[in-house]
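Structure first, commentary second.
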Amino acid sequence: MKFSRQTTLRSHATVTGVGVHSGLPVSLTLGPAPVDAGFIFVRAGLEGGDREVQATAQSVIATAFATVLGDGEGPLVSTAEHVLAALRGMGVDNAVIEIDGPEVPIMDGSAAAFIAAIDQAGIVNQPAQRRFIQVLKPISVKIGDSFGEIRPYANGFRAEVEIDFTNPVIGQQSYAFDLSPERFRREVGRARTFGLMGDVARLWSAGYALGASFDNTVVFDDERLLNTEGLRYADECARHKVLDVIGDLALAGLPLLGAYRSVRGGHKLNHAVLTALMADRSAWRVVEAETARRPRGHVEAGAGMVGGMVAPAYGPEMS
């Protein structure tokens, strides 16, 4: 199995559903993209024609309750994190994500439907070396009682998440996760978004959660879980936060080689840490993975490429 080449999707696959915040019906199609394209959202059905937005940190225009991407004319795609997590988690480097509404469909609240779409489309190698952003030194951000840090890590990408809710049913949870497609599929991809029943009225008044239901959200009150089918994992809330981390940090534009720690975090913190990392050109460099390990060449931090990086934490299940 080779992990050194870039990948894209073999064909197209479509999912349909509703937006968890907008409540509007939406269709999303995943498809192939050229080498070095990264993840590109194409917002269809707009007056004046389709508009594209690159899934990068620079395209983030809001992080309240979801990650929203847009351009100079305004927002284009909301709740981008779950489909981005599926693509990054399953080892896809380049993909076009066409969407005909303002928000990625929530599906069951996890990335499971997007994983299934990737399986349906298939993953293929491309004739170019995979590139990574290698973290060279720790970068940290504190926002109120939330703390986030990304630091060097020799074994691919690692996420360490700690949550601490005053709600006694959720309480304190933590989850640590070294990314691979197999582990993403098994341990994180099915973890659903969650919320508190007491927050529903506030969210509705603010124009959020209009499409939320027990079919796509894990809901708690002060005494119990309200979903009759129960949890998929005992620590499903912490695992879903890991899912969000993977999706939000996919906005680096390339897979990361580093370890990310989040304490009481969310989309705003994830974006702040990624922005701080990218702003410090001494804190990262772009490296290129190759099939055969070879001695590293010289490269300046924050620019250029170097051979010899082999990162088996990334790559599809394929020969």
Side-chain angles (χ1 to χ4, degrees), residues 6 8-9 12 14-88 92-106 111 114 117 131 133 141 143 206-211 244-256 266-281 284 286 302-303:
Q6 292 184 35
T8 190
L9 299 173
H12 294 82
T14 300
V15 298
T16 58
V18 299
V20 68
H21 292 302
S22 67
L24 298 174
V26 61
S27 176
L28 179 148
T29 299
L30 299 175
V35 163
D36 294 332
F39 303 138
I40 302 170
F41 282 92
V42 178
R43 176 70 190 280
L46 295 171
E47 292 185 12
D50 297 350
R51 284 161 59 192
E52 293 186 2
V53 60
Q54 192 78 31
T56 64
Q58 292 77 14
S59 300
V60 175
I61 63 173
T63 54
F65 306 113
T67 296
V68 182
L69 306 179
D71 57 19
E73 298 182 43
L76 286 174
V77 180
S78 178
T79 322
E81 58 271 10
H82 296 172
V83 66
L84 291 175
L87 289 164
R88 179 66 75 226
V92 179
D93 293 293
N94 305 302
V96 172
I97 309 154
E98 183 174 332
I99 184 170
D100 66 0
E103 186 177 13
V104 171
I106 190 61
F114 304 118
R131 297 182 300 148
I133 292 174
V141 173
I143 303 175
Y208 293 99
L210 302 180
D244 283 345
V245 162
I246 295 168
D248 287 340
L249 296 190
L251 295 168
L254 296 172
L256 289 164
H267 302 299
K268 181 178 181 179
L269 181 70
N270 298 340
H271 178 61
V273 174
L274 179 58
T275 300
L277 172 70
M278 302 311 294
D280 187 342
R281 296 300 294 267
W284 57 275
V286 175

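Computed from heavy atoms alone, side chains included, the values below leave out hydrogens, waters and symmetry copies. The structure presented is a predicted model; accordingly, all values stated were derived computationally and were not measured.
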Thr67 vs Asn270, side-chain contact (heavy atoms from CB on, under 4.5 Å): CA-CA, chis, key distance, verdict: CA-CA 10 Å; Thr67 296; Asn270 298 340; over 6 Å; no
side-chain contact (heavy atoms from CB on, under 4.5 Å) between His82 and Val104, intermediate numbers included: CA-CA 8 Å; His82 296 172; Val104 171; 5.7 Å; no
Evaluation steps, side-chain contact (heavy atoms from CB on, under 4.5 Å), between Val20 and Glu103: CA-CA 8 Å; Val20 68; Glu103 186 177 13; 3.5 Å; yes
Test side-chain contact (heavy atoms from CB on, under 4.5 Å) applied to Val83 and Ile99, step by step: CA-CA 11 Å; Val83 66; Ile99 184 170; over 6 Å; no
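Nearest approach of Ala252 to Leu274, heavy atoms of both residues: N-CD2, 3.5 Å. Gly38 and Ala33 make their closest contact through O-CB, 4.5 Å (heavy atoms, listed as atom of the first residue, atom of the second, distance). In terms of heavy-atom proximity, Leu84 sits nearest to Ala55 at CD2-CB, 4.0 Å.
With hydrogens and angles disregarded, no donor-acceptor distance shorter than 3.5 Å links the side chain of His12 to the backbone of Leu30. When atom types are taken as modelled, the side chain of Gln54 and the backbone of Ala37 share a donor-acceptor pair closer than 3.5 angstrom. The main-chain N or O of Gly101 is found under 3.5 Å from a side-chain atom of Arg43 such that the two form a donor-acceptor pair.
With rounding to the nearest 0.5 angstrom, the CG atom of Asp93 is 8.5 Å from the OG1 atom of Thr8. The structure places CG of Asp100 at 8.0 Å from OG1 of Thr29, a figure rounded to the nearest 0.5 Å. Within the model, atoms CD1 of Ile40 and CG of Asn94 stand 8.0 Å from one another, a figure rounded to the nearest 0.5 Å. In this structure, CG in Asp50 is found 6.0 Å from CD in Glu98, a value given to the nearest 0.5 Å. Atom CG in Leu249 sits 12.0 Å away from atom CD in Glu81 (nearest 0.5 Å). Here CD of Glu52 is found 11.0 Å from CG of Asp71. Values are rounded to the nearest 0.5 Å.
Taking 4.5 Å as the limit, some side-chain heavy atom of Asp244 sits within range of a side-chain heavy atom of His267. You'll find the side chain of Phe41 stays beyond 4.5 Å of the side chain of Leu76, heavy atoms only.
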